[in-house]
Number of protein chains: 2
Amino acid sequence: MSSHTPIGRKITLNDIAAGCDVSRATVSLVLRGSPLVNKLTRARVEDELRRQGYVYNRAAANLRRNTSSSIALVLNDLANPFFAEFAAGVDEALGAAGFVTLLGCTGESAAREQAVLGSLLEHGPAGIILSPAEHSEAHQVLAAVGRRVPLLLFNRELGGTLPEYAHWDQLMLDNQHGARLATEHLIARGHQRIAFFGGHHDSSSCRQRLAGYLDAMRTAGLRTEPHWQVECAPTRLDAAHRTSVLFDATQVPTAAVCYNDAVALGLMLGLNQRGLRPGRDFALTGFDDIAEAALGMPPLTTLSTAPQERGRQAAQLLMQRLQQPQAASQQTIAPVQLVVRESSCPPPAH
Amino acid sequence: MSSHTPIGRKITLNDIAAGCDVSRATVSLVLRGSPLVNKLTRARVEDELRRQGYVYNRAAANLRRNTSSSIALVLNDLANPFFAEFAAGVDEALGAAGFVTLLGCTGESAAREQAVLGSLLEHGPAGIILSPAEHSEAHQVLAAVGRRVPLLLFNRELGGTLPEYAHWDQLMLDNQHGARLATEHLIARGHQRIAFFGGHHDSSSCRQRLAGYLDAMRTAGLRTEPHWQVECAPTRLDAAHRTSVLFDATQVPTAAVCYNDAVALGLMLGLNQRGLRPGRDFALTGFDDIAEAALGMPPLTTLSTAPQERGRQAAQLLMQRLQQPQAASQQTIAPVQLVVRESSCPPPAH
DNA sequence: ACTTACCTTTGGATCGTTCCAATTCGGCAA
DNA sequence: TTGCCGAATTGGAACGATCCAAAGGTAAGT
């Protein structure tokens, strides 16, 4: 168990009732705007509520009514702008529907995820929106959450596909299609030697994007070299470090489809260090359309995922599930949109 | 009033008690690790808890004990990386202390702030961390929150200083000192015509930074032109638009102290559009040290505020206040640190 | 006067937990 | 046998709201 902070005595329904000589029940009816109460009584009670500065105790009400007015939002990394915007969208939609958001950050640790889920569950959320930590496993999540509380998975799949897995709703990005769009765009610009740069192949989103890239290349009848598939951590720093791998062998690519914007920005940095001008001497695309993508030098061609809108959508999907707990689970794939900017230049003329 | 979502029947202490033939009270003692219970009983109960998949109902416990285990975090703009990192820090520290974070975003609207505060209060948080919306007034906040729940103000002051105002704790950044550091740094680099760019003068943080800038200029015996003080919204887009104002008149500055990083990045964009290379032809500094500051082209000289650490600090300050509700209110000013990068070049030789 | 109806109000039980005073029980000394 | 002690357990009353069945009051209909 754990901490508890004592609270000063609060004004309750009884105080109001005593203050204007009616019963608790009547005050409760007034609070909920019941048409049963007499106009004059209502006015009297409302005055008293204001006079005493009454604050509704939703926890007590939820206990009695066996309801919940909160939803847990568990994120792997709030410091990442993508998830921050997502969270803003979730909170906006939930707030509008009268729910309050219980926040929990896991910092990409599956162990912390367990702890956070456990702690949030004790507060009785009506549902959970979970963007899993990197090595989070389906059976762990199931053990922490149980089947009682609806869960919406966002952005990543869980490790170890169980049958229970299918029980949860999902909201994913259309990674494969997005990467195909980016690749096709570069091909249309005239590129033939195109690399896929960044990400870890044990992340589902990376595998999907890679598949989209390979798909587009195959369809266009273009060859792909093994050393054009470069793995790295999805950070700018690591991407910049790994830039050289692209240029070590003989068949040097003229463009790269990057795992995400962070990687693309890192690659830009690496290119600059080699004396290559991104968007002039080498073309590249990103994924996510984070705020700085539009403001890079050059501005980055990327796939817009509208994270805030995804947040609203996630909230909607979960609330829909709360209405119909028995409906079949939904796998939603959110569309992504190619945003063409200057980083995806044609190949340099020889 | 508003929404409520029905919840399936949960396992309660009664179920456990019945399941292993002890009383509710004993099970409760086991849950709280009381030394009173017999070892064998404890083992039996713990088995049963696991067997039935019991989940502690903290709301009910809080109701009975008149305690709270949540803290409300109300932010003006979660999509801004500065506040996102701050939120991550708050959640981390609160989580470690066994509190859960109730999130609320106001989107810079004082009206929404009222609504959000009201809604969160109904869930009975032990305290509130508030980063106010732009035109939020002290008396409004007081009306919404009352004096019962401790509040920590972060980052901005409220409009309309009331006597009540002093009742709240504050955590602010050392804006004035930071801006003076940045200005002095540019002066040391050899600049003489330095602008202050961005922000709205009706925001307290902007006024403080402007004061720091003016202070440093005056101390160095440098003149300041009125048209070197450019107001704009604290966003990249607006900053980029307003760039031209700096170059319209005769006395053209060679450097700018920007209100924050977002503005600085926008100004960089605007400079590029005019054919000026930031960090070569024109020097500039930011404020906040958001993640992309280090990775801009060029990397941005700025003031590090360590937002995640600020978040932890805010949580600590508030929890300290919960321990000692009667102690005198604290005004904390967090130090900021100048991080020199390439954007603050010397002035170009003529 | 008596039933019927409607409008309004109400007491008491209840949600899941904790607190408190009281109880049970075995052992041990008188 | 009785009495007392400590260790372990327990029933019932809270916490602040809601639900429900029932009651009070007024007005109309017969």
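Sequence lines set the chain letters: A, B, ... in the order given, protein chains first and strands last, and positions in each chain run from 1.
Side-chain contact, Asn62(B) with Ser68(B): no donor N or O sits under 3.5 Å from an acceptor N or O.
For the pair Leu49(A) CG and dG16(D) C1', the computed distance is 14 Å after rounding to whole Å. Between the CG atom of Asn14(B) and the P atom of dC15(C) there is a distance of 8 Å, given to the nearest Å. At whole-Å resolution of the value, CZ in Arg32(A) and C1' in dA17(D) are 8 Å apart. Atom NZ in Lys39(A) sits about 15 Å away from atom C1' in dT8(C), given to the nearest Å. For His123(B) and dG16(D), the NE2 to P distance is 17 Å, given to the nearest whole Å. As a whole-Å value, the separation of Leu13(A) CG from dC19(D) P is 12 Å. Atoms CG (Asn66(B)) and P (dA14(D)) sit 15 Å apart, rounded to a whole Å. Residue Arg9(A) contributes atom CZ, which lies 7 Å from atom P of dG16(D) at whole-angstrom precision.
Backbone-only contact: Ala61(B) has heavy atoms under 4.0 Å from sugar-phosphate atoms and none from a base.
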Inset, instruction - Start with the C-alpha gap between Asp15(B) and Arg9(B), add the side-chain angles, then the distance that decides, and say whether salt bridge (Lys or Arg N to Asp or Glu O under 4.0 Å) holds. - result: CA-CA 11 Å; Asp15(B) 299 317; Arg9(B) 209 184 86 76; 3.2 Å; yes

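The phosphate of dA8(D) has neither OP1 nor OP2 within less than 4.0 Å of any side-chain N or O from Arg42(B). Taking only side-chain nitrogens and oxygens, Arg64(B) never comes nearer than 4.0 Å to OP1 or OP2 of dG16(D). Between Ser28(A) and the phosphate of dC19(D), there is no side-chain N or O to OP1/OP2 separation shorter than 4.0 Å. Proximity of Ser23(B) to the phosphate of dT10(D): a side-chain N or O atom is located under 4.0 Å from OP1 or OP2.
We find that Arg50(A) and Asp47(A) are joined by a salt bridge, their nearest charged nitrogen and carboxylate oxygen being less than 4.0 Å apart.
A distance-only check finds no donor-acceptor pair linking the side chain of Glu309(A) to the backbone of Ala306(A) [under 3.5 Å].
On a pure distance criterion of 3.5 Å, no polar donor-acceptor pair joins the side chain of Arg65(A) and the base of dT18(D).
Side-chain atoms of Leu153(A) and Leu171(A), non-hydrogen and from C-beta on, never get closer than 4.5 Å to each other.
Comparing atom distances between the Asn38(A) side chain and each of dA8(D), dT8(C), dT18(C) picks out dT8(C) as nearest. Side-chain atoms of Leu36(A) lie closest to dT9(C) of the nucleotides dA17(D), dT9(C), dT10(C).
Mapping Leu63(A) and Val37(B) onto DNA chain D by nearest heavy atom places Val37(B) at the nucleotide closer to the 5' end. Along DNA chain D, the nucleotide closest to Thr26(B) and the one closest to Leu29(A) are compared, and the more 5′ of them pairs with Thr26(B). Each of Arg44(A) and Arg24(A) was assigned the nucleotide of DNA chain C with the nearest heavy atom; the assignment lying further toward the 5' end belongs to Arg44(A).
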